[in-house]
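Okay, structure first, notes after.
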2 protein chains.
Amino acid sequence: MEPVPSPVSAAHVTTLRGFNRYFTRRIGVLDDHYLGQDRPLGEARLLYEIGAGASLRELRTRLGLDAGYLSRMVRALEKQGLVRVTVHPGDSRLRLAEPTPAGRAELAEQNRRADDLAEGLLRGLTETQRRQLTEAVATTERLLRLAAITVRPVPATSADARACLAGYAAELDERFPEGYAATDLVPPERIAVFLVAYEEKRAVGCGVLCALDDETAEIRHLWVHPEARGLGLGRRLLAELEHTAAGRGHRTVRLDTHKVLKEAAAMYRTGGYTQIPAYDDNPHAGYWFEKPLGPAGKAPGTH
Amino acid sequence: MEPVPSPVSAAHVTTLRGFNRYFTRRIGVLDDHYLGQDRPLGEARLLYEIGAGASLRELRTRLGLDAGYLSRMVRALEKQGLVRVTVHPGDSRLRLAEPTPAGRAELAEQNRRADDLAEGLLRGLTETQRRQLTEAVATTERLLRLAAITVRPVPATSADARACLAGYAAELDERFPEGYAATDLVPPERIAVFLVAYEEKRAVGCGVLCALDDETAEIRHLWVHPEARGLGLGRRLLAELEHTAAGRGHRTVRLDTHKVLKEAAAMYRTGGYTQIPAYDDNPHAGYWFEKPLGPAGKAPGTH
DNA sequence: GCCGACCTTTGACTAAAGTCAAAGGTTATG
DNA sequence: CATAACCTTTGACTTTAGTCAAAGGTCGGC
């Protein structure tokens, strides 16, 4: 997980557990209760997840339901005139569920109720307290999400690895004035380690380690899925790559980045990297960086 | 709720709602799943609530269950050898449920699992992030609890009012060197308004308003249940009392406090009160305070 | 010592949630 | 183009969860 895993203190565990209990028993129950109202909770949740439309396959994995059970529930919603089920154009094995106007109306009502619940809670606080709460809640969610993400090495040719690289290439192609092609990626055989970050089975980030020589490793293709940004996942991937490099005996890591990726350059600088002259002729690179690896793979002054 | 209720901004509502959703779906589900494991969730929860022992009556209100349903579930746990049910000594209408050694072992296992869950989450974070998370979580819980508390006027002779005053008197009797007797309380006929704070139907604080004359009201018996301290409920009760006084046409509020209640005195000072000479001969009073009420009942510089 | 208020148990149900396996259509892959 | 892998539907269940009302002790107050 973390370069130097430290023992988790009991006080932190206690606080988090107490919060879990408080929240699931009080607020969670309220939330579900308001969401459901006249409808069995399962159906209400399903309608909510269908949202603007989704395939049954997606719903099944998102909600973790039995295929038969889901099929019947969708059928029930259809009978009530809340959703319409169609065959997926392009893959007739799949079914698509979409809300009808009546379904959309019910969703809007669900939304209104959930808003009311949140608003009712906030109304009991002063404006200052509301700001505090909003901030604390955002921090909590951000860190819990980050904590729930696991990073692990996968084969460079695995589906998740390829999906990440595709997302990476597509994004760079959009952001680089000169564009970016799949052929600009490191060929799989040069990849020593391919790390993928998973949030709930979904690949939401990656990073690649290549050996330049015994002494030096290069980090490439560090990427975080747009929906997982702002959590601090980039830093975590970077740290794990450094840790991995150190574990493989390298003493130094290098990397480069494009001129337009200002955030990336900033992250490397605060992460203990110093700018160095070009060490290769990567046509997309604008800055080259280097960082010495301590024995524990931890930079001085990080975090 | 609050002296000058301000409109709740949509951004706050959105953040809180997003968090509700994230938390109940991700963490809450996990929590329940780990708690239950081989056992129906209802039974697992019940065993948890029984803890070191509880009366069925208590369990029924705490879990909000139907009496018949509860009776059967307890019976089921008894059959599995996890709890023992005995008649309450002193009131044979009540039944007490206590865990057997096997039940205690299962509870310990539940605890271990919940700890593991929390620890597993925290392990993915750096120590700094753990501290941040713990702090954010504590703030969130504190403010959500405070927000969920409702304050409302009740008859001064109601059971809740009397229970609060009993708690108040018992605490002062312990803290005041000279002691405190129930006869030192304001007689009910002098009480103009009796506010009680409720957290989930439970009275967790109170405050009393007496009219000294048309111009001036006196606040007395401001008290917060020990389990509801640290939330900011004292301030909130104070603000509501001031608001009520202003609504009844008073221009000034007064109050006194004992020398040993340093926290109380500090709260009054930061709440806009200034110390004044003794305005009565209350033998327990060490400080006397006064505060002018603006038209909206809001002090300059509060919060 | 009687009455009403309480607490619990039991019987009789209902609805929701979830499981399992067989079967039928569709699509990728070799 | 056959076959394995998928996705969904259907039938046949089981378990949980929850409700309602009747009934039988027990306690507090008059």
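All values reported here derive from a predicted model rather than from experimental measurement. Order of the sequence lines sets the chain letters (A, B, ...), proteins ahead of strands, with each chain counted from 1.
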All pairs passing salt bridge (Lys or Arg N to Asp or Glu O under 4.0 Å) where residues 66-75 of chain B contributes a residue, at least two apart: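 Counting only pairs at least two positions apart or across chains, the salt bridge (Lys or Arg N to Asp or Glu O under 4.0 Å) contacts touching residues 66-75 of chain B are R75(B)-E78(B).
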Any carboxylate oxygen within less than 4.0 angstrom of a Lys/Arg side-chain nitrogen, looking at E119(B) and R123(B)?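 The answer is yes: the pair qualifies as a salt bridge.
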Counting primed atoms plus P, OP1 and OP2 as sugar-phosphate and everything else as base, spell out the protein contacts along nucleotides 3-13 of chain D at 4.0 Å heavy-atom distance: B, S or - for each nucleotide, 5' to 3'. ---BSBBBBB-
Could you state the [atom1]-[atom2] distance from [X] to [N], rounded to the nearest angstrom?
| X | N | atom1 | atom2 | value |
| --- | --- | --- | --- | --- |
| L41(A) | dA17(D) | CG | C1' | 12 Å |
| D38(A) | dA16(C) | CG | C1' | 15 Å |
| E43(A) | dA17(C) | CD | P | 8 Å |
| L46(A) | dA16(C) | CG | C1' | 14 Å |

Do the rings of F23(A) and F19(A) sit parallel, tilted or perpendicular, given the 30° and 60° boundaries?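 Geometry flag for F19(A) against F23(A): tilted rings.
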Give a yes or no on whether the backbone of C210(B) and the side-chain of R220(B) come within a donor-acceptor separation of less than 3.5 Å.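 The answer is no, because no donor-acceptor pair under 3.5 Å joins these two groups.
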Over 12 non-hydrogen atoms of neighbours within 6.0 angstrom of CD in E174(A):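 Atom CD in E174(A) is not packed in, count stays at 12 or less.
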Whether S92(B) contacts dG25(D) is assessed here as follows: a side-chain N or O lying under 4.0 Å from the phosphate OP1 or OP2. Is that the case?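 False: S92(B) side-chain N/O out of range (4.0 Å or more) of dG25(D) OP1/OP2.
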So, Y48(A) versus R21(B): side-chain donor-acceptor pair below 3.5 Å or not?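 Yes, a side-chain donor-acceptor pair sits under 3.5 Å.
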